[in-house]
Amino acid sequence: GAVVSQHPSRVICKSGTSVKIECRSLDFQATTMFWYRQFPKQSLMLMATSNEGSKATYEQGVEKDKFLINHASLTLSTLTVTSAHPEDSSFYICSANSEGYNSPLHFGNGTRLTVT
Amino acid sequence: AQSVAQPEDQVNVAEGNPLTVKCTYSVSGNPYLFWYVQYPNRGLQFLLKYITGDNLVKGSYGFEAEFNKSQTSFHLKKPSALVSDSALYFCAVRDRGQGGKLIFGQGTELSVKP
């Protein structure tokens, strides 16, 4: 089946530094990838829709200059948390679309970001 | 706007008993509905979907869900719960008008006790 690989699984960084998270579709091409954020025992909040070769579409309230998304190829999207602060600590999950809208999205295993 | 609601934050069942995790939806047009399961510190695993056709949908790990258009519900069920079913369950609707993003319910934590 379709596999999405997300890296790193866990990262600890100091306040003010930037962190890059990678999301790769391993056995399919994904023109669209989605980035979600999840707080403990809460639902997934969509941050942005990443489109290959074009600018990402951000959800209302998500700072595009803080959460930089790049989707340079059909198998890779990256999320960079710039100038991270403790409140950015969260679980970030990417997902990718392998087929049409009647197919499930495939999810990475998530990245646990802790900003100290 | 498309939305789904999971009215229960937590569901507790004894192993071997049937389980139901509730989901209701609000969409314009025909809904594309999904159930996912999440284990601690992991991504989401797809369980099943309803697109069209038979209202009873069978999925992975013995789960099934019943689509009820008149009640706008898509409840997840399993005839006999296992301790290993304990996890966080999400109902979701695919928003075909906005790039196909998934809109999730609040999640329901299922706890199955031996």
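Per chain, numbering begins at 1; letters A, B, ... match sequence-line order.
Under the 3.5 Å distance criterion, the side-chain polar atoms of B:Y36 are left unmatched by any main-chain donor or acceptor of A:P104.
With hydrophobic clusters built from ILVMFWY side chains whose heavy atoms lie under 4.5 angstrom apart, A:L105 does not share a cluster with B:Y50. A:F34 and A:F67 are not part of a single hydrophobic cluster, where members link through side-chain heavy atoms under 4.5 Å apart. The hydrophobic cluster containing B:L48 also contains B:I103, counting ILVMFWY residues as joined when their side-chain heavy atoms lie under 4.5 angstrom apart, directly or transitively. Residues B:F34 and B:L76 do not share a hydrophobic cluster, clusters being chains of Ile/Leu/Val/Met/Phe/Trp/Tyr side chains in contact below 4.5 Å. Linking Ile, Leu, Val, Met, Phe, Trp and Tyr residues whenever their side-chain heavy atoms come within less than 4.5 Å places B:F74 and B:Y61 in a single cluster.
The structure places CZ of B:F46 at 8.5 Å from OG of A:S103, a figure rounded to the nearest 0.5 Å.
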Apply side-chain contact (heavy atoms from CB on, under 4.5 Å) to residues B:K101 and A:T57 and explain how you reach the verdict.
CA-CA 11 Å; B:K101 64 184 179 182; A:T57 302; over 6 Å; no
Test side-chain contact (heavy atoms from CB on, under 4.5 Å) on B:Q38 and A:F91; report intermediate values, then the result.
CA-CA 13 Å; B:Q38 184 182 34; A:F91 194 56; 3.8 Å; yes
Worked check of side-chain contact (heavy atoms from CB on, under 4.5 Å) between B:L102 and A:Y36:
CA-CA 10 Å; B:L102 269 180; A:Y36 289 87; 3.4 Å; yes
Let me see the working for B:F90 and A:L44 under side-chain contact (heavy atoms from CB on, under 4.5 Å), right down to the final yes or no.
CA-CA 9 Å; B:F90 291 100; A:L44 283 76; 3.9 Å; yes
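Summarising the local packing, NZ of A:K66 is surrounded by more than 12 heavy atoms from other residues, nucleotides or ligands at distances under 6.0 Å. Around NE2 of A:H7, the count of heavy atoms belonging to other residues, nucleotides or ligands within 6.0 Å does not exceed 12. Dense packing is recorded around OH of B:Y39, with more than 12 heavy atoms of other residues, nucleotides or ligands lying under 6.0 Å away. Atom CZ of A:R112 has more than 12 neighbouring heavy atoms from other residues, nucleotides or ligands inside a 6.0 Å radius.
With a threshold of 4.5 angstrom between heavy atoms, A:Q6 does not approach chain B through any atom at all. For chain B, the nearby part of A:I93 is the side chain; its heavy atoms alone come within less than 4.5 Å. Only the side chain of A:L46 comes within contact range of chain B, with at least one heavy atom under 4.5 Å from a heavy atom of that chain. Contacts of B:L44 with chain A are made by both backbone and side-chain atoms, with heavy-atom separations under 4.5 Å.
When all heavy atoms are compared, the tightest approach of A:N97 to B:R94 is OD1-NH2, 3.0 Å. A:Q42 and B:L88 get closest at one heavy-atom pair: O-CD2, 4.5 Å. In terms of heavy-atom proximity, A:S43 sits nearest to B:G105 at OG-O, 2.5 Å.
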